[in-house]
Amino acid sequence: MKDETTFPETLQEAIKYFADEDRAFEYMKLVRWPSGKVSCPRCGCEDVSFISTRKLWTCKECKTKKQFTIRVGTILEDSAISFDKWICAFWLIANAKNGISSYEIGRALGVTQKTGWFMLQRIRLAMQSGTFEKLSGEVEADETYIGGLARRMNTKQKRKRGRGTGGVGKAIVMDCLNVKARCA
């Protein structure tokens, strides 16, 4: 059996390894700030102090002395889900050859399907952008309607669809893009 200092290689080992809340916290801290220097998500200042009893930092440069946690400005923000469940969800999604459903995540982690869906959407967003940080600054959004042309539909489908070129009977697709990331 492996000792506790080696990094887990399987899901079962990861569940045991990250069941310790402090170990999961330190791992997420390393993921968020790989250099080891904690910085304020609002101003970028590295002059921060750690409050260990509440596991948060206070920025000394911000005028209001704002406090922040690891989650602020990331896909984990506004989530009460513990780090051990997030880490295991990352593991499941990254290692699923043909994808994974929110039902599977819910069953595997012992959460509801709705929570599994929430986690799945957030993790997919992080995988697309290549970072755990949320879209910020100037963001472009656009939508379109996807569906068949009226001239290729039979009479019954045309009546069901309605008149005009609007989105009746079509699927809505929306896309968001961080302008700063595109221009860089």
Side-chain angles (χ1 to χ4, degrees), residues 1-62 64-137 139 176 178 181:
M1 180 164 170
K2 293 184 176 187
D3 63 271
E4 288 194 13
T5 58
T6 59
F7 198 73
E9 295 179 9
T10 65
L11 179 59
Q12 183 179 11
E13 290 174 8
I15 291 169
K16 288 179 185 176
Y17 185 83
F18 293 116
D20 178 20
E21 193 176 319
D22 292 329
R23 189 178 290 149
F25 177 81
E26 288 301 319
Y27 177 75
M28 291 306 290
K29 188 172 126 181
L30 186 65
V31 168
R32 174 78 195 264
W33 297 289
S35 66
K37 292 273 192 175
V38 177
S39 60
C40 176
R42 292 174 189 87
C43 67
C45 173
E46 292 181 353
D47 189 14
V48 296
S49 59
F50 184 65
I51 302 170
S52 60
T53 55
R54 295 180 55 211
K55 293 191 177 177
L56 55 82
W57 290 267
T58 303
C59 180
K60 295 178 182 177
E61 291 291 317
C62 290
T64 57
K65 305 289 186 216
K66 293 271 186 170
Q67 296 177 339
F68 62 93
T69 65
I70 289 177
R71 297 172 186 260
V72 173
T74 68
I75 62 166
L76 308 178
E77 191 172 7
D78 302 327
S79 164
I81 303 165
S82 61
F83 288 136
D84 64 327
K85 291 197 187 303
W86 274 109
I87 294 167
C88 290
F90 291 134
W91 190 293
L92 287 168
I93 293 167
N95 290 309
K97 185 177 180 182
N98 297 322
I100 189 167
S101 73
S102 58
Y103 286 97
E104 285 181 80
I105 291 175
R107 281 192 303 267
L109 300 178
V111 297
T112 64
Q113 179 271 330
K114 192 174 181 180
T115 301
W117 183 87
F118 170 79
M119 296 172 82
L120 186 61
Q121 296 307 312
R122 292 278 180 107
I123 294 170
R124 283 179 177 163
L125 176 71
M127 292 174 87
Q128 283 178 340
S129 64
T131 179
F132 287 105
E133 294 191 12
K134 287 183 170 180
L135 294 175
S136 61
V139 177
C176 294
N178 196 347

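Note that the numbering runs from 1 along the sequence shown for the chain.
Heavy atoms only, all atoms of each residue included: Ala94 and Met127 are closest at CA-CE, 4.4 Å. Looking at every heavy atom in both residues, Arg32 comes nearest to Thr69 through NH1-O, 4.1 Å. Nearest heavy-atom pair, Val48 versus Cys40, reported as atom, atom and distance to 0.1 Å: CG1-N, 4.3 Å. Scanning both residues, Ser39 and Gly44, for their nearest heavy atoms gives CB-O, 3.7 Å. Across all non-hydrogen atoms, the minimal contact from Thr10 to Trp91 is C-CZ2, 3.3 Å. Scanning both residues, Ser82 and Arg71, for their nearest heavy atoms gives CA-NH2, 4.0 Å.
Under the rule for a side-chain contact (heavy atoms from CB on, under 4.5 Å), the partners of Ala108 that lie at least two apart in sequence or sit in another chain are Leu92. With sequence neighbours excluded, the residues satisfying side-chain contact (heavy atoms from CB on, under 4.5 Å) with Ile15 are Leu11, Cys88. Listed by chain and residue number, Ile81, Val111, Thr112, Met119 satisfy the side-chain contact (heavy atoms from CB on, under 4.5 Å) test with Thr115 (two or more places apart in sequence, or in another chain). Residues meeting the side chain to side chain donor-acceptor pair (under 3.5 Å) test with Thr58, sequence neighbours left out: none. For Asp22, the side chain to side chain donor-acceptor pair (under 3.5 Å) partners are Lys55, not counting sequence neighbours. Ser52 pairs by the side-chain contact (heavy atoms from CB on, under 4.5 Å) definition with Phe50, not counting sequence neighbours. Judged as a ring pair (Phe, Tyr, Trp, His ring centres under 6.0 Å), and not counting sequence neighbours, the contacts of Phe18 are Tyr27. Considering only residues two or more places apart in sequence or on other chains, Glu26 meets the salt bridge (charged side-chain N to carboxylate O under 4.0 Å, His left out) condition with Lys29. Phe68 meets the ring pair (Phe, Tyr, Trp, His ring centres under 6.0 Å) test with Trp57; sequence neighbours excluded.
For the pair Arg23 and Phe83, the NZ or CZ position fails the cation-pi test of under 6.0 Å to the six-membered ring centre and within 45 degrees of the ring normal.
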Would Val72 and Gln67 count as a side chain to side chain contact (heavy atoms under 4.5 Å, CB included) if you check the C-alpha gap in whole Å, the side-chain angles of each, and the deciding distance to 0.1 Å? CA-CA 10 Å; Val72 173; Gln67 296 177 339; over 6 Å; no

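Between Lys85 atom NZ and Ser79 atom OG the span is 11.5 Å, to the nearest 0.5 Å. Separating the CG atom in Asn95 from the CZ atom in Phe90 is a distance of 13.0 Å, to the nearest 0.5 Å. Separation of atoms CD1 (Ile123) and CD1 (Ile75) is listed at 6.0 Å; rounding is to 0.5 Å. Taking CG of Asp47 as the reference point, atom CD of Glu61 lies at 5.5 Å (rounded to 0.5 Å). The CG atom of Leu109 sits 8.5 Å away from the CG atom of Asp84 when rounded to the nearest 0.5 Å.
Proximity of a side-chain donor or acceptor of Arg122 to a complementary backbone N or O of Glu77 within less than 3.5 Å is detected.
When the shell of 6.0 Å around CD of Gln121 is examined, it contains more than 12 heavy atoms from other residues, nucleotides or ligands.
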For residues 97-107, dump all side-chain donor-acceptor pairs below 3.5 Å to protein atoms at least two apart in sequence or in another chain.
residue	atom	partner	partner atom	Å
Ser101	OG	Tyr103	N	3.4
Ser101	OG	Glu104	N	3.1
Ser102	OG	Gln113	NE2	2.8
Glu104	OE2	Ser101	N	3.4

